[in-house]
Every structure is written in C-alpha cells, then in structure tokens.
Amino acid sequence: MPALRFLTAGESHGPYLVGILDGLPAGLPLTEEHLLPRMQRRQGGYGRGKRMSIEGDRPQIVGGTWKGVTTGAPLAVLIENASNRQGRAQARKTVPRPGHADLAGVLKYGFDDANPVIERASARETAMRTALGAAACRLLEHFGVRLVGRVIEIGGVAAPPLAPDGTADAIEAARDASPVACCDAAASATMVARVDEAKERGETLGGRLELLVFGLPPGLGSYVQWDRKLDARLAQALMSIQSVKEVELGDALDAARNFGAAAHDVIRRAGEGLAREGNRAGGLEGGVTNGEPLVARVTLKPIATLRRPLPSVDLETGEETEGRYIRSDVMVVPAAAVIAEAMAALVLGDALVEKFGGDSVDDIAAALAHYRARLPRWPERP
Ligand SMILES: Cc1cc2nc3c(=O)[nH]c(=O)nc-3n(C[C@H](O)[C@H](O)[C@H](O)COP(=O)(O)O)c2cc1C
C-alpha cells in the first residue's frame with residue numbers, strides 16, 4: 001500500500017469534485033490559500049476554452065486539518081462546479097469524437113449515450129488532482145523540494161534549452177511572464193501565434209512540457225521490486241494525465257541515438273562529496289533518485305474536440321456523419337504543466353513518506369537529517 005494515496009470522484013458537470021489524500025503527516029501548516037496558486041495556474045494559459053472563466057475553482061478543505069495544520073487524518077477536499085448540469089435535461093450524445101474516450105467508454109459500459117463517459121473522462125477531474133497535488137507540493141516544500149513545470153513545445157514550435165545555471169526562482173519568473181508558460185519570450189510569442197492559427201482553422205494543438213524537481217534527497221524509490229521503481233511510478237502518474245502520450249525521463253531519446261559514453265553522467269569526487277558531470281539521467285538511476293534534479297518531459301497529443309469536427313459514426317443510426325462540436329479547449333499544455341507538478345508531487349511525496357516514515361513532519365525531518373548525515377563524506381583532496 002502506498003504511504004501517500006489519493007482518490008478523486010465527481011463528474012465534470014456534477015455538483016462537486018471530491019478528493020481524499022490519505023497519509024499526509026501531521027504538523028504541516030495547510031490551508032486553502034496554499035492550494036489556490038496552482039488551481040489558478042491550471043485554469044489559465046492561452047488556448048483554454050470558456051469553461052475556465054466560469055469556474056471559480058476554490059477548493060474547500062473539509063477534513064484532515066485542525067486550525068490550519070494537518071493532523072495525520074485523511075485530507076478531504078471539495079471543489080464546487082459552477083457549471084453544474086445535474087438534474088437538467090441533457091441531449092444524448094451518440095456521435096463519438098475521434099481521439100476522445102467517447103467510443104471506448106460507450107463500448108466498455110454498454111451505454112447508449114456518451115455523456116456519462118465524457119463527464120468522467122474529461123480533464124475537469126484534474127482540478128481535484130491539482131488541489132491534492134498542491135498539498136503534496138506543500139509537504140515536499142517543507143523539506144526543501146521544489147517542483148517547476150514549464151512548456152517547451154507547442155504545435156511544433158520549440159523553446160531553446162534553459163541556461164544551465166538557471167535557478168528555480170528564475171525559471172518560474174520567466175515562465176509566469178509568458179501566456180503559454182514558456183521561459184523564452186521569443187518562442188512564447190511564436191507559440192501564441194501558432195495557437196491563434198489553430199483557432200482560425202477550427203483546429204487544436206498539443207505539445208510538450210518539462211518538469212524539473214529540485215532538492216530531492218538521493219535514495220527515494222527502489223530497484224528491488226518492479227512496482228517500487230520511482231521512474232515507473234512517475235511515468236504512470238504523468239501518463240495518466242488526459243492527452244499525455246509519452247513520458248521521457250532525462251535525455252532518454254537523445255541517449256538512445258548515441259553511444260553510451262555520451263549518454264551517462266560521469267561520477268567525480270567533489271570536496272567532501274560526489275558530483276556528476278551532467279544530468280542526462282534526469283536524476284533517476286535504477287528507479288531511485290540519485291541526488292541530481294529530476295527531469296521529466298511529457299508529450300500531449302492535440303485536443304480531440306475540433307471546431308471543425310472529424311468524421312465519425314452516429315451509433316444510433318449507424319450512419320457516417322460529421323462529429324459534433326462541444327465547447328472545448330484549443331491547447332492545454334500550460335495547464336498540463338501544473339497538473340504534471342501535482343501528479344509528480346503525489347508520487348514523490350509518497351516516496352518521501354515511504355523512505356522516512358513517521359506520523360509527523362518532525363519525525364520525517366529527524367529521519368531525513370539522520371540519513372543525510374550518513375551520506376558519503378570524504379576528506380578534501382590534498
Ligand atoms: C487540462 C486539460 C484540458 C482538456 N480539455 C479538453 C477539451 O476541452 N476538449 C477535449 O476534447 N479534450 C480535452 N482534454 C483532453 C481529453 O480529456 C482527453 O483527450 C480524453 O480524456 C481522452 O484521453 P487520452 O487523450 O488520454 O486518450 C484536456 C486535457 C487536459 C490535460
């Protein structure tokens with residue numbers, strides 16, 4: 001059983017989204033205000049549809065804290081849907097959209113209407129994942145771990161690599177100045193133009209995001225059993241985000257095209273400790289954190305609902321027809337970068353509590369200090 005586990009429930013247009021995060025240690029200051037910045041970032045980003053301007057997305061913490069501090073009891077969170085259509089007449093949807101869950105869901109459950117599929121498969125559910133993930137981020141931040149997601153490509157327009165000495169603060173500041181969460185101003189402007197072009201054509205776009213995690217201690221995760229490998233746990237969490245079709249850890253694609261000497265990070269003595277020449281492994285070796293920043297890149301396919309719908313079949317009549325347009329986003333990679341931070345935080349928070357145990361953040365702090373003290377120390381070289 002994971003140390004930190006969560007579930008979400010609720011429909012896209014039901015009254016509430018519901019979430020429970022179990023295993024959060026006691027003693028962590030946590031209020032709704034801590035969840036809000038990520039909620040707001042998820043709603044923003046150039047290319048989102050009208051729904052995001054309708055929803056307030058103010059999570060309510062209804063369990064697991066006492067006077068603004070976690071108690072060790074399950075964290076319970078509610079988010080009210082402003083766009084609540086429960087009880088209202090809803091036209092049946094019988095023309096599945098290629099690329100969405102409509103057809104697969106209708107076949108799986110035997111529905112004569114895709115509405116129940118759309119209501120749960122939709123990424124509205126990620127509002128709750130973001131809220132719970134923000135609580136996990138808060139836990140990690142308490143131990144000096146910082147997660148930063150940013151957009152690196154939209155519709156084939158790629159951002160140049162980051163400056164190698166960029167701090168988390170500098171990366172966040174550049175990202176937050178961009179309407180598409182891209183740290184490079186020129187690439188950001190070209191990406192915005194690409195989204196405009198997609199809108200004009202009645203089209204949609206996908207892209208890529210990069211997740212950086214700074215301050216992780218080495219030794220999270222394990223190689224001793226397949227389902228304890230942190231790379232695998234992280235890949236599942238990131239892949240579970242709607243539209244995500246590929247997860248790359250470190251420079252995996254580049255490494256696969258090169259010789260080994262160009263792919264791995266040389267180990268050197270550095271003062272009292274160790275240093276790596278480069279971080280092509282992206283902070284993970286053997287399914288275990290190695291002390292370098294974690295780097296994951298995530299690829300999203302273009303949004304499935306096009307204003308100029310793709311051909312499909314009406315499942316009621318059996319006739320080929322044009323798909324139907326439903327209110328939709330055009331491009332969501334900036335929002336996905338926030339959701340990726342949340343999902344990674346839930347996995348990394350789990351790995352942290354798993355390794356350092358304890359019921360309270362003070363217990364974890366003591367175990368972490370003890371562990372850090374036994375990490376390699378050598379005398380300075382002469
Ligand atoms: C933040 C976010 C918002 C999304 N908004 C839409 C949308 O408005 N319309 C749409 O067709 N798909 C949207 N998607 C993608 C679908 O939810 C997704 O394609 C669908 O559930 C099928 O899952 P799959 O693409 O992972 O196979 C969104 C995805 C994310 C991450």
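As the structure lists them, so they are numbered: ligands from 1, and atoms in each ligand from 1. Nothing fancy with the numbering, it's 1 onward along the sequence.
Using a 4.0 Å cut-off between heavy atoms, I339 contacts ligand 1 through its side chain alone, with no backbone atom that close. Counting heavy atoms closer than 4.0 Å to ligand 1, residue V332 contributes side-chain atoms (C-beta onward) but none from N, CA, C or O. Neither the backbone nor the side chain of A336 has any atom closer than 4.0 Å to an atom of ligand 1 (non-hydrogen atoms only).
Residue contact annotation: R48 has a non-hydrogen atom under 4.0 Å from ligand 1.
The two residues R120 and T8 come nearest to each other via the heavy atoms NH2-OG1, 2.9 Å.
Here atom 23 (O) of ligand 1 lies nearest to S243 when heavy atoms of G105, S243, A337 are compared. Nearest to atom 27 (O) of ligand 1 by heavy atom, out of H100, Q242, M331, K245, is K245.
Among all non-hydrogen protein atoms, the one lying nearest atom 13 (C) of ligand 1 is I303 CD1, 3.4 Å. Closest to atom 9 (N) of ligand 1, if we only count protein heavy atoms, is S328 OG, 2.8 Å. Nearest protein heavy-atom neighbour of atom 11 (O) of ligand 1: T305 OG1, 2.4 Å. The protein heavy-atom contact nearest to atom 30 (C) of ligand 1 is A123 CB, 3.3 Å. With hydrogens left out, the protein atom closest to atom 21 (O) of ligand 1 is A121 O, 3.2 Å, a heavy atom.
D227 and R233 are not joined by a salt bridge, as no carboxylate oxygen comes within less than 4.0 angstrom of a charged side-chain nitrogen. Ionic pairing of R85 and E11 is not present here: no N-O contact between side-chain nitrogen and carboxylate oxygen is shorter than 4.0 angstrom. Using a 4.0 Å cut-off between charged nitrogen and carboxylate oxygen, E277 and R268 count as a salt-bridge pair.
Atom CD in Q236 sits 12.5 Å away from atom CG in D231 (nearest 0.5 Å).
For ligand 1, the atoms sitting less than 4.0 Å from at least one non-hydrogen atom of D329 are 3 (C), 4 (C), 5 (N), 6 (C), 7 (C), 8 (O), numbered in the order shown with element in parentheses. Within the listing of ligand 1, atoms 19 (O), 24 (P), 25 (O), 27 (O) sit less than 4.0 angstrom from a heavy atom of K301.
Atom OH of Y371 is surrounded by more than 12 heavy atoms from other residues, nucleotides or ligands within 6.0 Å.
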Result block: side-chain N/O donor-acceptor pairs under 3.5 angstrom for residues 145-164, not counting sequence neighbours:
unit_1, atom_1, unit_2, atom_2, d
R146, NH1, D169, OD1, 3.3
R146, NH2, D169, OD1, 2.6
R146, NH2, E172, OE1, 3.2
R150, NE, E210, OE1, 3.0
R150, NH2, E210, OE1, 3.0

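Residue pairs that meet the ring pair (Phe, Tyr, Trp, His ring centres under 6.0 Å) test with at least one member in residues 38-82, sequence neighbours left out, do not exist here.
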